[in-house]
Protein chains: 2
Amino acid sequence: MISGLSDLELAKREPIVNAALKEFARKGYDEASTNEIVREAGVSKGLLFHYFHSKKELFLFLVDYTLEIIQREFVDLINTEERDIFARYRQAALLKIDMIARHPYVFDFIGVAALTESAQVKEAIQSRTHTLLALSLSRFFDQMDTSRFRPGIDVKRAMRIIIWTMEGYERAAQQELQTKTVSQLDYDAFLADFDAYIDVLKGCFYQ
Amino acid sequence: MISGLSDLELAKREPIVNAALKEFARKGYDEASTNEIVREAGVSKGLLFHYFHSKKELFLFLVDYTLEIIQREFVDLINTEERDIFARYRQAALLKIDMIARHPYVFDFIGVAALTESAQVKEAIQSRTHTLLALSLSRFFDQMDTSRFRPGIDVKRAMRIIIWTMEGYERAAQQELQTKTVSQLDYDAFLADFDAYIDVLKGCFYQ
DNA sequence: AACCACATTGACCAGACTGGTCAATAGAAT
DNA sequence: ATTCTATTGACCAGTCTGGTCAATGTGGTT
(Lines give C-alpha, C1' and ligand atoms only; values in the text may rest on other atoms or scores of the structure.)
Protein backbone atom coordinates (compact mmCIF):
# COMPACT_ATOMS: atom_id res chain seq x y z
CA MET A 1 0.00 0.00 0.00
CA ILE A 2 1.40 3.36 -1.03
CA SER A 3 1.64 6.10 1.59
CA GLY A 4 -1.08 4.39 3.63
CA LEU A 5 -3.87 5.33 1.24
CA SER A 6 -7.05 3.29 1.23
CA ASP A 7 -8.29 1.61 -1.94
CA LEU A 8 -11.07 4.19 -2.18
CA GLU A 9 -8.63 7.05 -1.97
CA LEU A 10 -6.40 5.44 -4.58
CA ALA A 11 -9.35 4.84 -6.90
CA LYS A 12 -10.35 8.50 -6.80
CA ARG A 13 -6.82 9.56 -7.58
CA GLU A 14 -6.59 7.19 -10.53
CA PRO A 15 -7.71 9.44 -13.38
CA ILE A 16 -5.24 12.06 -12.20
CA VAL A 17 -2.49 9.48 -11.74
CA ASN A 18 -2.91 8.06 -15.23
CA ALA A 19 -3.05 11.44 -16.88
CA ALA A 20 0.00 12.58 -14.93
CA LEU A 21 1.99 9.47 -15.83
CA LYS A 22 1.24 10.11 -19.48
CA GLU A 23 2.16 13.79 -19.35
CA PHE A 24 5.38 13.31 -17.36
CA ALA A 25 6.43 10.35 -19.51
CA ARG A 26 6.00 12.48 -22.63
CA LYS A 27 7.56 15.75 -21.49
CA GLY A 28 9.66 15.15 -18.39
CA TYR A 29 9.28 17.01 -15.12
CA ASP A 30 9.87 20.63 -16.06
CA GLU A 31 7.98 20.68 -19.35
CA ALA A 32 4.98 18.76 -18.08
CA SER A 33 1.94 20.95 -17.43
CA THR A 34 -0.46 20.51 -14.54
CA ASN A 35 -3.12 22.18 -16.68
CA GLU A 36 -2.67 19.52 -19.32
CA ILE A 37 -2.90 16.81 -16.65
CA VAL A 38 -6.24 18.02 -15.28
CA ARG A 39 -7.60 18.51 -18.79
CA GLU A 40 -6.68 14.94 -19.72
CA ALA A 41 -7.99 13.58 -16.40
CA GLY A 42 -11.24 15.53 -16.72
CA VAL A 43 -11.06 17.08 -13.25
CA SER A 44 -10.61 20.57 -11.96
CA LYS A 45 -7.32 22.18 -11.19
CA GLY A 46 -8.22 22.48 -7.52
CA LEU A 47 -8.71 18.75 -7.14
CA LEU A 48 -5.21 17.92 -8.25
CA PHE A 49 -3.75 20.29 -5.68
CA HIS A 50 -6.20 19.03 -3.07
CA TYR A 51 -4.79 15.50 -3.39
CA PHE A 52 -1.19 16.34 -4.25
CA HIS A 53 -0.13 19.60 -2.71
CA SER A 54 2.39 20.46 -5.40
CA LYS A 55 3.66 19.34 -8.79
CA LYS A 56 6.75 17.99 -7.07
CA GLU A 57 4.75 15.96 -4.57
CA LEU A 58 2.66 14.52 -7.40
CA PHE A 59 5.80 13.55 -9.29
CA LEU A 60 7.42 11.89 -6.28
CA PHE A 61 4.19 10.05 -5.52
CA LEU A 62 4.25 8.69 -9.07
CA VAL A 63 7.81 7.49 -8.62
CA ASP A 64 6.81 5.44 -5.58
CA TYR A 65 3.64 4.33 -7.31
CA THR A 66 5.36 3.09 -10.45
CA LEU A 67 8.26 1.50 -8.59
CA GLU A 68 5.76 -0.41 -6.50
CA ILE A 69 3.90 -1.62 -9.58
CA ILE A 70 7.12 -2.63 -11.30
CA GLN A 71 8.26 -4.47 -8.22
CA ARG A 72 4.96 -6.25 -7.66
CA GLU A 73 3.94 -7.03 -11.24
CA PHE A 74 7.34 -7.48 -12.85
CA VAL A 75 10.43 -7.95 -10.70
CA ASP A 76 8.78 -10.22 -8.15
CA LEU A 77 7.36 -12.43 -10.87
CA ILE A 78 10.69 -13.16 -12.50
CA ASN A 79 11.81 -16.65 -11.73
CA THR A 80 15.43 -16.23 -10.72
CA GLU A 81 15.90 -19.98 -10.50
CA GLU A 82 15.79 -20.06 -14.27
CA ARG A 83 19.38 -19.81 -15.41
CA ASP A 84 18.91 -20.37 -19.13
CA ILE A 85 19.28 -17.02 -20.82
CA PHE A 86 16.54 -17.57 -23.37
CA ALA A 87 14.02 -18.89 -20.89
CA ARG A 88 14.79 -16.00 -18.59
CA TYR A 89 14.47 -13.40 -21.30
CA ARG A 90 11.37 -14.94 -22.73
CA GLN A 91 9.77 -14.73 -19.33
CA ALA A 92 10.90 -11.17 -18.70
CA ALA A 93 9.90 -9.92 -22.13
CA LEU A 94 6.43 -11.45 -21.87
CA LEU A 95 5.93 -10.01 -18.39
CA LYS A 96 7.03 -6.62 -19.60
CA ILE A 97 4.76 -6.62 -22.64
CA ASP A 98 1.91 -7.71 -20.38
CA MET A 99 2.66 -4.78 -18.12
CA ILE A 100 2.83 -2.31 -20.96
CA ALA A 101 -0.63 -3.47 -22.05
CA ARG A 102 -1.99 -2.88 -18.55
CA HIS A 103 0.06 0.17 -17.55
CA PRO A 104 1.16 1.82 -20.77
CA TYR A 105 3.12 4.68 -19.27
CA VAL A 106 4.76 3.08 -16.25
CA PHE A 107 8.06 2.08 -17.85
CA ASP A 108 8.30 5.24 -19.92
CA PHE A 109 7.63 7.31 -16.84
CA ILE A 110 10.22 5.66 -14.62
CA GLY A 111 12.77 5.85 -17.43
CA VAL A 112 12.22 9.58 -17.81
CA ALA A 113 12.15 10.05 -14.04
CA ALA A 114 15.41 8.20 -13.47
CA LEU A 115 17.21 10.33 -16.06
CA THR A 116 15.65 13.69 -15.25
CA GLU A 117 18.02 16.62 -14.93
CA SER A 118 15.53 18.87 -13.21
CA ALA A 119 17.22 20.28 -10.11
CA GLN A 120 13.97 20.26 -8.18
CA VAL A 121 13.48 16.52 -8.11
CA LYS A 122 16.79 15.01 -9.19
CA GLU A 123 18.11 14.24 -5.73
CA ALA A 124 14.89 12.83 -4.39
CA ILE A 125 14.54 10.58 -7.43
CA GLN A 126 17.94 9.04 -7.52
CA SER A 127 17.84 7.68 -4.01
CA ARG A 128 14.60 5.91 -4.85
CA THR A 129 15.31 4.58 -8.30
CA HIS A 130 18.91 3.52 -7.84
CA THR A 131 18.04 0.92 -5.26
CA LEU A 132 15.54 -0.96 -7.36
CA LEU A 133 17.02 -0.50 -10.79
CA ALA A 134 20.64 -1.28 -9.95
CA LEU A 135 19.68 -4.24 -7.82
CA SER A 136 17.15 -5.81 -10.14
CA LEU A 137 19.28 -5.29 -13.23
CA SER A 138 22.39 -6.82 -11.73
CA ARG A 139 20.36 -9.68 -10.34
CA PHE A 140 18.87 -10.16 -13.75
CA PHE A 141 22.15 -10.43 -15.59
CA ASP A 142 24.20 -12.29 -13.02
CA GLN A 143 24.58 -16.02 -12.82
CA MET A 144 23.30 -16.66 -16.31
CA ASP A 145 24.00 -20.15 -17.58
CA THR A 146 26.26 -19.96 -20.63
CA SER A 147 27.24 -23.61 -20.75
CA ARG A 148 24.93 -24.40 -23.60
CA PHE A 149 26.58 -21.94 -25.98
CA ARG A 150 28.43 -23.49 -28.89
CA PRO A 151 32.17 -23.68 -28.23
CA GLY A 152 34.06 -20.83 -29.87
CA ILE A 153 31.13 -18.44 -29.61
CA ASP A 154 31.95 -14.93 -28.40
CA VAL A 155 29.68 -15.13 -25.36
CA LYS A 156 29.82 -11.47 -24.37
CA ARG A 157 28.82 -10.26 -27.80
CA ALA A 158 26.30 -13.05 -28.27
CA MET A 159 24.55 -11.94 -25.09
CA ARG A 160 24.47 -8.34 -26.30
CA ILE A 161 22.97 -9.46 -29.61
CA ILE A 162 20.31 -11.36 -27.71
CA ILE A 163 19.57 -8.30 -25.57
CA TRP A 164 19.38 -5.98 -28.58
CA THR A 165 17.04 -8.40 -30.32
CA MET A 166 14.78 -8.49 -27.28
CA GLU A 167 14.82 -4.69 -27.06
CA GLY A 168 14.08 -4.39 -30.74
CA TYR A 169 11.20 -6.81 -30.52
CA GLU A 170 9.88 -4.98 -27.49
CA ARG A 171 9.92 -1.65 -29.31
CA ALA A 172 8.12 -3.17 -32.27
CA ALA A 173 5.54 -4.78 -29.98
CA GLN A 174 5.00 -1.56 -28.05
CA GLN A 175 4.46 0.36 -31.24
CA GLU A 176 1.87 -2.17 -32.33
CA LEU A 177 0.14 -2.04 -28.94
CA GLN A 178 -0.33 1.70 -29.31
CA THR A 179 -2.49 1.27 -32.39
CA LYS A 180 -4.30 -2.00 -31.92
CA THR A 181 -6.37 -3.10 -28.96
CA VAL A 182 -5.34 -6.19 -27.02
CA SER A 183 -7.13 -9.40 -27.89
CA GLN A 184 -6.37 -13.04 -27.18
CA LEU A 185 -6.02 -13.93 -30.84
CA ASP A 186 -3.36 -11.31 -31.31
CA TYR A 187 -1.61 -12.58 -28.24
CA ASP A 188 -1.25 -16.18 -29.46
CA ALA A 189 0.05 -15.15 -32.84
CA PHE A 190 2.35 -12.68 -31.21
CA LEU A 191 3.70 -15.32 -28.84
CA ALA A 192 4.39 -17.72 -31.68
CA ASP A 193 6.18 -14.94 -33.53
CA PHE A 194 8.25 -14.11 -30.50
CA ASP A 195 9.20 -17.74 -29.96
CA ALA A 196 10.25 -18.01 -33.57
CA TYR A 197 12.81 -15.28 -32.94
CA ILE A 198 14.09 -17.15 -29.90
CA ASP A 199 14.40 -20.28 -32.02
CA VAL A 200 16.47 -18.43 -34.59
CA LEU A 201 18.78 -17.15 -31.86
CA LYS A 202 19.02 -20.57 -30.26
CA GLY A 203 19.90 -22.08 -33.60
CA CYS A 204 22.66 -19.49 -33.79
CA PHE A 205 24.24 -19.80 -30.41
CA TYR A 206 23.33 -23.16 -28.89
CA GLN A 207 24.89 -26.40 -29.98
CA MET B 1 23.90 25.18 -52.10
CA ILE B 2 20.92 25.84 -49.89
CA SER B 3 18.54 28.64 -50.85
CA GLY B 4 21.29 30.30 -52.86
CA LEU B 5 23.24 31.48 -49.82
CA SER B 6 26.93 32.22 -50.14
CA ASP B 7 29.49 30.40 -48.01
CA LEU B 8 29.99 33.54 -45.96
CA GLU B 9 26.31 33.88 -45.26
CA LEU B 10 26.10 30.23 -44.30
CA ALA B 11 29.11 30.55 -41.99
CA LYS B 12 27.56 33.43 -40.08
CA ARG B 13 24.37 31.51 -39.66
CA GLU B 14 26.18 28.47 -38.36
CA PRO B 15 26.10 29.12 -34.60
CA ILE B 16 22.39 29.77 -34.86
CA VAL B 17 21.84 26.74 -37.05
CA ASN B 18 23.67 24.39 -34.68
CA ALA B 19 21.94 25.75 -31.60
CA ALA B 20 18.58 25.51 -33.35
CA LEU B 21 19.18 21.92 -34.49
CA LYS B 22 19.96 20.97 -30.91
CA GLU B 23 16.95 22.73 -29.44
CA PHE B 24 14.46 21.43 -32.02
CA ALA B 25 15.90 17.91 -31.81
CA ARG B 26 15.42 17.92 -28.05
CA LYS B 27 12.00 19.52 -27.77
CA GLY B 28 10.24 19.39 -31.11
CA TYR B 29 8.80 22.37 -32.95
CA ASP B 30 6.22 23.74 -30.53
CA GLU B 31 8.20 23.31 -27.32
CA ALA B 32 11.46 24.65 -28.70
CA SER B 33 12.28 28.18 -27.59
CA THR B 34 13.86 30.82 -29.78
CA ASN B 35 15.21 32.44 -26.61
CA GLU B 36 17.01 29.23 -25.72
CA ILE B 37 18.41 29.03 -29.27
CA VAL B 38 19.95 32.51 -29.17
CA ARG B 39 21.29 31.91 -25.64
CA GLU B 40 22.99 28.70 -26.79
CA ALA B 41 24.26 30.34 -29.98
CA GLY B 42 25.56 33.37 -28.11
CA VAL B 43 23.84 35.89 -30.35
CA SER B 44 21.09 38.40 -29.85
CA LYS B 45 17.45 37.76 -30.40
CA GLY B 46 17.31 40.27 -33.19
CA LEU B 47 19.96 38.51 -35.22
CA LEU B 48 18.02 35.30 -35.41
CA PHE B 49 14.97 37.10 -36.75
CA HIS B 50 17.16 39.13 -39.08
CA TYR B 51 18.37 35.94 -40.79
CA PHE B 52 15.28 33.81 -40.39
CA HIS B 53 12.14 35.89 -40.36
CA SER B 54 10.16 33.54 -38.17
CA LYS B 55 10.48 30.39 -36.10
CA LYS B 56 8.70 28.50 -38.84
CA GLU B 57 11.06 29.73 -41.53
CA LEU B 58 14.05 28.74 -39.38
CA PHE B 59 12.60 25.27 -38.89
CA LEU B 60 11.89 24.74 -42.57
CA PHE B 61 15.36 25.97 -43.45
CA LEU B 62 16.78 23.38 -41.07
CA VAL B 63 14.76 20.64 -42.77
CA ASP B 64 16.27 21.49 -46.15
CA TYR B 65 19.69 21.94 -44.56
CA THR B 66 19.71 18.56 -42.81
CA LEU B 67 18.18 16.71 -45.75
CA GLU B 68 20.92 18.10 -47.97
CA ILE B 69 23.63 17.00 -45.52
CA ILE B 70 22.12 13.55 -45.17
CA GLN B 71 21.87 13.21 -48.91
CA ARG B 72 25.39 14.44 -49.59
CA GLU B 73 27.27 12.86 -46.69
CA PHE B 74 25.27 9.68 -46.21
CA VAL B 75 22.85 8.51 -48.88
CA ASP B 76 25.08 9.39 -51.82
CA LEU B 77 28.04 7.60 -50.27
CA ILE B 78 26.26 4.27 -49.87
CA ASN B 79 27.46 1.82 -52.44
CA THR B 80 24.28 0.27 -53.78
CA GLU B 81 26.25 -2.18 -55.88
CA GLU B 82 27.10 -4.01 -52.67
CA ARG B 83 24.45 -6.70 -52.26
CA ASP B 84 25.87 -8.52 -49.26
CA ILE B 85 23.78 -7.56 -46.27
CA PHE B 86 26.68 -7.36 -43.82
CA ALA B 87 28.95 -5.36 -46.07
CA ARG B 88 26.08 -3.02 -46.82
CA TYR B 89 25.17 -2.55 -43.19
CA ARG B 90 28.76 -2.18 -42.13
CA GLN B 91 29.20 0.56 -44.62
CA ALA B 92 25.98 2.33 -43.66
CA ALA B 93 26.59 2.06 -39.93
CA LEU B 94 30.09 3.45 -40.21
CA LEU B 95 28.93 6.32 -42.39
CA LYS B 96 26.18 7.09 -39.95
CA ILE B 97 28.44 7.07 -36.91
CA ASP B 98 30.87 9.29 -38.80
CA MET B 99 28.05 11.68 -39.49
CA ILE B 100 26.86 11.71 -35.90
CA ALA B 101 30.39 12.65 -34.84
CA ARG B 102 30.42 15.56 -37.28
CA HIS B 103 26.77 16.62 -37.08
CA PRO B 104 25.48 15.36 -33.76
CA TYR B 105 21.92 16.61 -34.07
CA VAL B 106 21.15 16.09 -37.74
CA PHE B 107 19.58 12.63 -37.51
CA ASP B 108 17.77 13.41 -34.28
CA PHE B 109 16.43 16.60 -35.81
CA ILE B 110 15.14 15.06 -39.00
CA GLY B 111 13.59 12.22 -37.01
CA VAL B 112 11.72 14.66 -34.80
CA ALA B 113 10.81 16.85 -37.78
CA ALA B 114 9.41 13.95 -39.81
CA LEU B 115 7.15 12.87 -36.94
CA THR B 116 6.07 16.29 -35.70
CA GLU B 117 2.39 16.78 -35.05
CA SER B 118 2.56 20.55 -34.94
CA ALA B 119 -0.13 21.89 -37.22
CA GLN B 120 2.01 24.85 -38.23
CA VAL B 121 4.72 22.88 -40.01
CA LYS B 122 3.34 19.37 -40.47
CA GLU B 123 2.20 19.79 -44.04
CA ALA B 124 5.32 21.58 -45.23
CA ILE B 125 7.52 18.93 -43.64
CA GLN B 126 5.91 15.82 -44.98
CA SER B 127 6.23 16.76 -48.61
CA ARG B 128 9.96 17.27 -48.10
CA THR B 129 10.86 14.31 -45.92
CA HIS B 130 8.71 11.65 -47.54
CA THR B 131 10.56 11.81 -50.80
CA LEU B 132 14.01 11.19 -49.39
CA LEU B 133 13.18 8.89 -46.51
CA ALA B 134 10.81 6.55 -48.30
CA LEU B 135 12.99 6.33 -51.36
CA SER B 136 16.31 5.83 -49.63
CA LEU B 137 14.91 3.33 -47.14
CA SER B 138 13.28 1.17 -49.75
CA ARG B 139 16.33 1.34 -51.93
CA PHE B 140 18.41 0.34 -48.94
CA PHE B 141 16.45 -2.78 -48.13
CA ASP B 142 15.62 -3.98 -51.59
CA GLN B 143 17.65 -6.40 -53.64
CA MET B 144 19.66 -7.66 -50.72
CA ASP B 145 21.61 -10.83 -51.46
CA THR B 146 20.40 -13.63 -49.20
CA SER B 147 21.99 -16.52 -51.04
CA ARG B 148 24.79 -16.92 -48.53
CA PHE B 149 22.44 -17.64 -45.64
CA ARG B 150 22.62 -21.17 -44.28
CA PRO B 151 19.81 -23.33 -45.62
CA GLY B 152 16.92 -23.63 -43.20
CA ILE B 153 17.53 -20.19 -41.72
CA ASP B 154 14.45 -18.01 -41.21
CA VAL B 155 15.69 -15.24 -43.46
CA LYS B 156 13.05 -12.66 -42.58
CA ARG B 157 13.72 -12.94 -38.86
CA ALA B 158 17.47 -13.22 -39.33
CA MET B 159 17.43 -9.90 -41.16
CA ARG B 160 15.44 -8.28 -38.39
CA ILE B 161 17.92 -9.58 -35.82
CA ILE B 162 20.76 -8.12 -37.85
CA ILE B 163 18.95 -4.79 -38.06
CA TRP B 164 18.17 -4.72 -34.34
CA THR B 165 21.80 -5.51 -33.57
CA MET B 166 22.98 -2.67 -35.77
CA GLU B 167 20.48 -0.32 -34.15
CA GLY B 168 21.54 -1.43 -30.70
CA TYR B 169 25.19 -0.94 -31.52
CA GLU B 170 24.45 2.45 -32.97
CA ARG B 171 22.64 3.56 -29.83
CA ALA B 172 25.53 2.37 -27.69
CA ALA B 173 28.04 4.14 -29.91
CA GLN B 174 26.03 7.35 -29.92
CA GLN B 175 25.82 7.31 -26.14
CA GLU B 176 29.58 6.91 -25.95
CA LEU B 177 30.15 9.71 -28.45
CA GLN B 178 28.19 12.08 -26.25
CA THR B 179 30.67 11.71 -23.41
CA LYS B 180 34.02 11.13 -25.05
CA THR B 181 35.71 13.22 -27.71
CA VAL B 182 36.53 11.63 -31.04
CA SER B 183 40.11 10.40 -31.50
CA GLN B 184 41.67 8.05 -34.01
CA LEU B 185 42.72 5.56 -31.34
CA ASP B 186 39.14 5.20 -30.18
CA TYR B 187 38.04 4.80 -33.74
CA ASP B 188 40.29 1.81 -34.51
CA ALA B 189 39.30 -0.03 -31.37
CA PHE B 190 35.70 0.79 -32.04
CA LEU B 191 35.92 -0.51 -35.60
CA ALA B 192 37.47 -3.77 -34.45
CA ASP B 193 34.70 -4.12 -31.87
CA PHE B 194 32.05 -3.46 -34.48
CA ASP B 195 33.55 -6.00 -36.87
CA ALA B 196 33.62 -8.57 -34.09
CA TYR B 197 29.84 -8.24 -33.83
CA ILE B 198 29.51 -8.71 -37.57
CA ASP B 199 31.66 -11.83 -37.35
CA VAL B 200 29.42 -13.27 -34.64
CA LEU B 201 26.36 -12.65 -36.81
CA LYS B 202 28.04 -14.07 -39.87
CA GLY B 203 28.99 -17.17 -37.91
CA CYS B 204 25.31 -17.48 -37.04
CA PHE B 205 23.68 -17.01 -40.38
CA TYR B 206 26.20 -17.71 -43.12
CA GLN B 207 27.31 -21.17 -44.08
C1' DA C 1 -35.50 20.13 7.19
C1' DA C 2 -31.44 21.54 9.12
C1' DC C 3 -26.95 20.62 9.70
C1' DC C 4 -22.44 18.92 8.81
C1' DA C 5 -18.19 17.20 6.68
C1' DC C 6 -16.05 16.61 2.84
C1' DA C 7 -15.38 16.50 -2.50
C1' DT C 8 -15.03 19.38 -6.20
C1' DT C 9 -15.12 23.44 -8.92
C1' DG C 10 -13.07 27.21 -11.76
C1' DA C 11 -12.11 32.11 -11.65
C1' DC C 12 -8.17 34.22 -10.31
C1' DC C 13 -3.19 35.43 -9.13
C1' DA C 14 1.64 37.11 -9.92
C1' DG C 15 5.25 35.91 -12.46
C1' DA C 16 7.72 33.60 -16.18
C1' DC C 17 8.13 32.90 -20.82
C1' DT C 18 6.44 33.20 -25.80
C1' DG C 19 7.59 34.71 -30.85
C1' DG C 20 8.54 38.88 -32.76
C1' DT C 21 9.76 44.17 -33.35
C1' DC C 22 12.61 48.12 -33.86
C1' DA C 23 15.18 52.19 -32.68
C1' DA C 24 19.78 52.50 -31.34
C1' DT C 25 24.52 51.27 -31.69
C1' DA C 26 29.00 49.23 -33.31
C1' DG C 27 32.30 48.52 -36.82
C1' DA C 28 34.18 48.46 -41.16
C1' DA C 29 34.91 50.65 -45.67
C1' DT C 30 35.22 54.51 -48.16
C1' DA D 1 33.21 62.43 -41.60
C1' DT D 2 29.91 59.61 -43.97
C1' DT D 3 27.58 55.72 -45.21
C1' DC D 4 26.73 51.14 -45.06
C1' DT D 5 25.26 46.91 -42.95
C1' DA D 6 25.60 43.68 -38.80
C1' DT D 7 24.18 43.33 -34.44
C1' DT D 8 22.16 44.43 -30.11
C1' DG D 9 18.75 44.05 -26.30
C1' DA D 10 14.93 46.51 -24.21
C1' DC D 11 10.38 46.04 -25.14
C1' DC D 12 5.65 44.31 -26.65
C1' DA D 13 1.13 41.97 -26.05
C1' DG D 14 -0.33 37.56 -25.27
C1' DT D 15 -0.13 32.93 -23.42
C1' DC D 16 0.89 29.71 -20.06
C1' DT D 17 2.89 28.55 -15.47
C1' DG D 18 2.12 26.34 -10.61
C1' DG D 19 -0.77 27.32 -7.07
C1' DT D 20 -4.84 29.52 -4.15
C1' DC D 21 -9.35 29.89 -2.25
C1' DA D 22 -14.05 31.25 -1.60
C1' DA D 23 -17.99 29.16 -3.37
C1' DT D 24 -20.81 25.30 -4.51
C1' DG D 25 -22.30 20.45 -4.71
C1' DT D 26 -23.16 16.01 -2.42
C1' DG D 27 -24.43 12.50 0.64
C1' DG D 28 -25.14 11.14 5.31
C1' DT D 29 -26.87 11.96 10.14
C1' DT D 30 -29.77 14.00 13.25
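Nothing here was measured: the structure is a model prediction, and the numbers come from that model. Proteins get letters first, then strands, A, B, ... in listed order; numbering begins at 1 in each.
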Length of the CZ-P vector between Phe52(B) and dG19(C), whole Å: 15 Å
Could you identify which residues of residues 108-121 of chain B place a heavy atom less than 4.0 Å from some atom of DNA chain C, listed by residue number, or say none? none
Expected string for nucleotides 12-23 of chain D under the B/S/- scheme (protein heavy atoms, under 4.0 Å, primed atoms plus P, OP1, OP2 as sugar-phosphate) is -----BBBBB--
Give every residue pair that meets the salt bridge (Lys or Arg N to Asp or Glu O under 4.0 Å) criterion with at least one member in residues 123-134 of chain A, sequence neighbours excluded. Asp64(A)-Arg128(A)
Nearest-Å distance, CG (Leu48(A)) to P (dA11(C))? 17 Å
Listed by chain and number, what are the salt bridge (charged side-chain N to carboxylate O under 4.0 Å, His left out) partners of Asp30(B), not counting sequence neighbours? none
Relative orientation of the end axes in the helix from dA1(C)-dT30(D) to dT30(C)-dA1(D), expressed as an angle to the nearest 10° (five pairs per end): 10°
Taking only residues at least two apart or on different chains, which pairs with a member in residues 46-57 of chain A satisfy salt bridge (Lys or Arg N to Asp or Glu O under 4.0 Å)? none
Name the nucleic acid region contacted by Tyr51(B), choosing base, sugar-phosphate or nothing; use a 4.0 angstrom heavy-atom cut-off, strictly under. sugar-phosphate
Taking only residues at least two apart or on different chains, which pairs with a member in residues 43-54 of chain B satisfy side-chain hydrogen bond (donor to acceptor under 3.5 Å, both in side chains)? Asn35(B)-Lys45(B)
Can you name the side chain to side chain donor-acceptor pair (under 3.5 Å) partners of Arg171(B), sequence neighbours left out? Glu167(A)
Holding to salt bridge (charged side-chain N to carboxylate O under 4.0 Å, His left out), I want the full list of residues that pass it with Glu81(B), two or more places apart in sequence or in another chain. none
Once side chain to side chain donor-acceptor pair (under 3.5 Å) is applied, do any residues pair with Tyr29(A), and if so which ones, sequence neighbours excluded? none
All side chain to side chain donor-acceptor pair (under 3.5 Å) counterparts of Arg157(A), not counting sequence neighbours: Asp154(A), Asp193(B)
Under the side chain to side chain contact (heavy atoms under 4.5 Å, CB included) rule, collect the residues that match up with Lys22(A), sequence neighbours excluded. Arg26(A), Glu40(A), Tyr105(A)
Protein-nucleotide distance (Leu60(B), atom CG; dG19(C), atom P), rounded to Å: 15 Å
Looking at Lys27(A) and Glu36(A), does any basic side-chain N land under 4.0 Å from a carboxylate oxygen? no
